[in-house]
**Q** 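For reference, the structure I am asking about is given below.
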Amino acid sequence: MKLIDKSIDKERQGYVTLVPEEPEDMWHAYNLISEGDAVRSTTVRKVQTESSTGSSTSSRVRTMLTIAVEAIDFDTQACMLRLKGKNIEENQYVKMGAYHTLDLELNRKFRLSKHEWDSVSLDRVEMACDPTKSADVAAVIMQDGLAQICLITSSMTLVRAKIEASIPRKRKNFIQQHEKALAKFYDNIIQGILRHIDFDIVKCVLIASPGFVRDQFYEYMFQMAVKTDNKILLENKSKFMLIHSSTGFKHSLKEILQDPAVVSKISDTKAASEVKALENFYTTLQCEPDKAFYGKKHVEKANEAQAIETLLISDNLFRCKDVNLRKEYVNLVDSVKEFGGDVKIFSSLHISGEQLEQLTGVAAILRFPMPELDEDDDESDGD
């Protein structure tokens, strides 16, 4: 994300002007824009003009529009944000108060104004505009006849390609057909890797499967790379890592990202730190249950005692329509940081974020045991 301009006063009112430059920037924009914010950007409007003879013609004109956001729709496939709201600034083509939809796209500048920029939003602007971003990870999850190419960015898991093929069984007199279908399947995966994985950004490509599927594919890919002198694959051979998974479906990413070998390989990525934090939470919950709690009530009580060492919170909670509830979560984050705790904001589009969502979206690992939190719960149940 490119920061063009920023003007925020002491009361935390003001605006930032941003240009999303890559798909992940659209995710940051989705998390930054809330209902009630004002967004200014260019849009195309259909305009009808009437001539002196009474005939009318319609044409499409590009104009600058500012709307008060009422609805936000994020299209992950088209990588576009669709904002709906009322026009709040004078415009020769759109009446004041008229509804319009603004489409925010890659490389299209927009200005975002808020009545109050909270710490979570300001941190996200800083993170989105930081050029020293964490490295990203790619994964090819496969089994016989099915492969999915995923990009695991610091904020989300995107399935970039799904490759399916019908592969005949390896039977007597049908071996040639089996091998021909398999080669075609592998070729399609190689094309998908070259099309969707940018090796300038990606530091690690995980190839995961049950059985020996990954080994056979890896061997085939580099045989073909040598045969066709594919420099991209040959120069990046060290980035590939073979790993076991129980299936070729997306949910297998959870077990893949928890594998100790994978964690050490991608330890400098945000994706890995989130997965590690969630793993630590589950381990603590199992071994020292008085030091791990989830749910807003328990976490807030632990924070009052300045007991939180690590706060795990989903970005979904900062998009809630209830402004007061959103402020409560922002205050919780600020308070934990103030008391020296570590805060991990999980993306709801990331596999680890999906898991945290199942635990109410907020959890905490404590510095010291607080068995009284469970006792409070038992008392309220008894009442």
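Numbers here are sequence positions counted from 1.
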**Q** Angle between ring planes, Phe199 versus Phe240, binned at 30° and 60°: parallel, tilted or perpendicular?
**A** tilted
**Q** Which atom pair, heavy atoms only, marks the closest approach of Arg108 to Pro20?
**A**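 Minimum heavy-atom separation between Arg108 and Pro20: O-CD, 3.4 Å.
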**Q** Would one find more than 12 heavy atoms of other residues, nucleotides or ligands at under 6.0 Å from atom NZ of Lys254?
**A**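 Incorrect, the count does not exceed 12.
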**Q** Does Leu242 share a hydrophobic cluster with Ile189, counting links as ILVMFWY side-chain heavy atoms below 4.5 Å and allowing steps through other members?
**A**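 Yes, Leu242 and Ile189 fall within the same hydrophobic cluster.
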**Q** Quick one, Ile193 and Val205 - any side-chain contact, counting heavy atoms below 4.5 Å?
**A**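 Sidechains of Val205 and Ile193: no contact.
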**Q** If you look at every heavy atom in Phe368 and Ala305, which pair is closest and at what distance?
**A**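 Answer, listing the atom of Phe368 first, then Ala305: CZ-O, 3.8 Å.
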**Q** Has Lys239 got a side-chain atom pairing as donor or acceptor with Val202's backbone, closer than 3.5 angstrom?
**A** yes
**Q** Which pair of non-hydrogen atoms, one from Lys114 and one from Leu32, has the smallest distance, and what is that distance?
**A** NZ-O, 2.7 Å
**Q** Following the transitive rule for hydrophobic clusters with a side-chain heavy-atom cut-off under 4.5 Å over Ile, Leu, Val, Met, Phe, Trp and Tyr, establish whether Val16 and Val19 coincide in one cluster.
**A** no
**Q** Check for me, please, whether Val39 and Leu106 land in the same ILVMFWY cluster - side-chain distances under 4.5 Å, paths through other members count.
**A**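 Both belong to a single hydrophobic cluster.
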**Q** Assess, by modelled atom type and distance only, whether the side chains of Asp342 and Thr310 contain a donor and an acceptor separated by less than 3.5 Å.
**A**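 Judged by distance alone, the side chains do not pair up.
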**Q** Which atoms form the tightest heavy-atom contact between Leu18 and Cys129, and what is the distance?
**A** CD2-SG, 3.8 Å
**Q** State, to 0.1 Å, how close Ile33 and Val69 come at their nearest heavy-atom pair, and which atoms those are.
**A** CG2-CG2, 4.1 Å
**Q** Where do Met142 and Pro210 come nearest, in terms of heavy atoms and distance?
**A**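 The pair with the smallest heavy-atom distance is O-CD, 3.2 Å.
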**Q** So Phe318 and Tyr329, would you call those rings parallel, tilted or perpendicular, with 30° and 60° as cut-offs?
**A**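 Perpendicular.
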**Q** Could you tell me if Ser121 and Asp118 have a donor-acceptor pair between their side chains, going purely by distance under 3.5 Å?
**A**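 There is such a pair between these side chains.
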**Q** Where does the angle between the aromatic ring planes of Phe293 and His298 fall among parallel (under 30°), tilted (30 to 60°) and perpendicular (over 60°)?
**A**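 If you compare the ring of Phe293 with that of His298, the planes turn out perpendicular.
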**Q** State whether a side-chain donor-acceptor pair under 3.5 Å links Thr247 with Ser252.
**A** yes
**Q** Could you tell me if the side chain of Asn91 sits less than 4.5 Å from the side chain of Arg45, heavy atoms only?
**A**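 They are not in side-chain contact.
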**Q** Which of parallel (below 30°), tilted (30 to 60°) and perpendicular (above 60°) describes His251 and Phe249?
**A** parallel
**Q** Are Val323 and Leu332 co-members of a hydrophobic cluster defined by side-chain heavy atoms under 4.5 Å apart?
**A**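 Each belongs to a different hydrophobic cluster.
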**Q** Decide whether a cation-pi geometry holds between Lys237 and Phe222; the criteria are a distance under 6.0 Å from NZ or CZ to the six-membered ring centre and an angle within 45° of the ring axis.
**A**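 Cation-pi check for Lys237 and Phe222: passes.
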**Q** Atom CD of Gln148 and atom CG of Leu253: how far apart are they, to the nearest 0.5 Å?
**A** 8.5 Å
**Q** Taking Arg367 for its side chain and Gln306 for its backbone only, find out whether a donor-acceptor pair lies under 3.5 Å.
**A** yes
